[in-house]
There are 2 protein chains.
Amino acid sequence: MVGRMASTRADDVYRRLRTDILGGRLVPGQRLKFPELSQNYETSVGAAREALTRLVADGFVRTQAHQGFCVTPLSYEGLAELTQARVEIEPLVLRLSVREGDMTWEAGAVAAHHVLERTPFFAADDDTHPSDAWSSAHAAFHASLLAGCRNRRMLAIARSLREEAELYLQWSVAFGRERDVAGEHRALLDATIARDADLAAELLRDHIAHTAQLLIRGATDGPEA
Amino acid sequence: MVGRMASTRADDVYRRLRTDILGGRLVPGQRLKFPELSQNYETSVGAAREALTRLVADGFVRTQAHQGFCVTPLSYEGLAELTQARVEIEPLVLRLSVREGDMTWEAGAVAAHHVLERTPFFAADDDTHPSDAWSSAHAAFHASLLAGCRNRRMLAIARSLREEAELYLQWSVAFGRERDVAGEHRALLDATIARDADLAAELLRDHIAHTAQLLIRGATDGPEA
DNA sequence: TGTCAACAAACTTTCGAAAGTCAGCCCGAG
DNA sequence: CTCGGGCTGACTTTCGAAAGTTTGTTGACA
């Protein structure tokens, strides 16, 4: 090779594993063994290990010394803690975003919402899990709302919380049929673009809390999560 | 060996590196090369690599593909972002701690303060950097204040922000001679034990902001940081 | 039948060398 | 003198096998 190598193999495996977890192809709680991994991802033990180490830091994978790695299991307590953290922190970041974001940021939010609004919740062939397309669009929309915040550190914290939340969404039983999610998203966008920090923060808090509540109710009824 | 292995070699190297960074034995910006590392820490490249990967996640080390690792450099922007994040988030966690902490937690805070109060700021042989003992005691005191918070996730976020802040403190020029840090700490403890969440949160916010201000002033006068 | 130790299999962790990449240097051409 | 190509040395990344740990099983003994 002559040019600058963009990334490393471990980087690549990391991204693929991450995508597979978020996409539901790896089940929470599932053990991740090196023999399998190095075969499935066509890599060596070392590279797989580095990828896993990074996923542990992200919270997507758990590990105990000499007992290997597994996809972080979902749990009530986990969801409860995650939700509280999101309820406290995300509105904070949204406020900053609303205060500091420029026109390009506004445009990004509007664009992301446009896509989300037109992406169906379910895929054609599966009406139990949200479609990959919707998940991506949903994540992108929320990310775009926060993206105005200039503090990369706070942004990173909020984003990592959101990502874990997407995982709970991915593994939840179907919901949202009876709920006006689209309306909530629209209201959130409007308040944000209108630079009404108080309203936007309140809407976001409710949106997060409401979603978590439905997830818990869904899990209690049909025990899929 | 027969019993359960408590940890791994990579774990060990990780902890030692971390301690060396926080203790100022590794300089911010300093390149971390594998040949040196594996010699100094008596380990293989692989183990050193895993340790570094984890330190990157913690924010203590930076890396770019194919260009190796270096201790995260300190900077104005870094300090400003860190401070803002701390000002926003730590008081939040302190509120929860004050609300949820039990008597054991109170006792821990009182104990940590007792130690801090009796630990001299400077070591006998060096009056430019805070002593290792004081740094530890200071970190332990602040950690103990937050430790009442039951939400491990939020606790982890706050603690990681604090740890990075200790690093800026470590590399700051001397300060605190003219400042009543001890008084601030005592007031913080009192408000916390009295379960006055509003006051405690406000004191903590001021404490953080005040410290950052002095750090910046110190860096502008004598350009050590 | 229940308990425990030794064994076996599977996996995790560690290692050090091989392969790949970058930065700096030298040298020749313009 | 300046610019660019190729070379060298040092370092990073990758690999797969060796060493070490855990888990499950088997068989002896109470």
Side-chain angles (χ1 to χ4, degrees), chain A residues 1-21 25-73, chain B residues 1-21 25-73:
Chain A
M1 281 278 183
V2 59
R4 225 153 264 240
M5 271 278 83
S7 83
T8 68
R9 177 167 287 269
D11 233 21
D12 189 48
V13 177
Y14 165 74
R15 272 193 295 271
R16 283 164 62 196
L17 267 168
R18 184 178 224 276
T19 310
D20 286 349
I21 293 174
R25 285 176 291 282
L26 294 171
V27 185
Q30 176 182 349
R31 182 98 184 270
L32 296 167
K33 305 180 206 179
F34 287 104
E36 289 176 20
L37 285 177
S38 29
Q39 197 156 49
N40 293 341
Y41 294 87
E42 289 158 303
T43 189
S44 69
V45 183
R49 193 175 171 78
E50 181 173 336
L52 288 177
T53 301
R54 291 169 57 182
L55 287 165
V56 169
D58 290 349
F60 290 121
V61 164
R62 272 195 181 356
T63 180
Q64 263 193 313
H66 295 279
Q67 291 174 216
F69 297 77
C70 70
V71 183
T72 304
Chain B
M1 282 275 182
V2 59
R4 231 151 259 244
M5 271 281 79
S7 84
T8 69
R9 177 167 287 268
D11 233 22
D12 189 47
V13 177
Y14 165 74
R15 270 193 296 269
R16 283 164 63 196
L17 268 168
R18 184 178 226 275
T19 312
D20 286 347
I21 292 174
R25 284 176 292 281
L26 293 172
V27 186
Q30 176 182 347
R31 182 96 184 271
L32 297 167
K33 305 179 205 177
F34 287 105
E36 290 176 19
L37 286 176
S38 30
Q39 198 156 48
N40 293 342
Y41 293 88
E42 289 157 302
T43 190
S44 69
V45 184
R49 193 173 172 78
E50 181 173 336
L52 288 178
T53 301
R54 288 169 59 182
L55 287 165
V56 169
D58 290 348
F60 290 121
V61 165
R62 271 193 181 359
T63 182
Q64 264 193 310
H66 296 278
Q67 290 173 216
F69 297 78
C70 70
V71 183
T72 304

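Any value given below was found using the heavy atoms of this structure, including those in side chains, with hydrogens, waters and symmetry copies removed. On a predicted model such as this, the values are computed, not experimentally measured, just so you know. Every chain is numbered from 1 and lettered A, B, ... according to where its sequence line falls, protein lines coming before strand lines.
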Summary of protein contacts for nucleotides 13-18 of chain C, nucleotide by nucleotide, where a base hit scores B, a sugar-phosphate-only hit scores S (4.0 Å, heavy atoms): BBB---
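When atom types are taken as modelled, the side chain of A:Thr72 and the backbone of A:Gly59 share a donor-acceptor pair closer than 3.5 angstrom. With B:Thr43 contributing its side chain and B:Ser38 its backbone, the two residues share no donor-acceptor pair below 3.5 Å.
A:Leu17 pairs with exactly one of A:Asn40, A:Leu37, A:Val61 by the side chain to side chain contact (heavy atoms under 4.5 Å, CB included) rule, that one being A:Leu37.
Atom-to-atom, CD of A:Gln30 to P of C:dC11 comes out at 14 Å; the value is rounded to the nearest Å. What separates NZ of B:Lys33 from C1' of D:dT12 is a distance of 12 Å, to the nearest Å.
Atom CZ in B:Arg18 sits 9.0 Å away from atom CD1 in B:Ile21 (nearest 0.5 Å).
Residue contacts shown for B:Leu32 are limited to sugar-phosphate atoms, with no base heavy atom under 4.0 Å away.
When all heavy atoms are compared, the tightest approach of B:Glu50 to A:Arg49 is OE1-NE, 2.7 Å.
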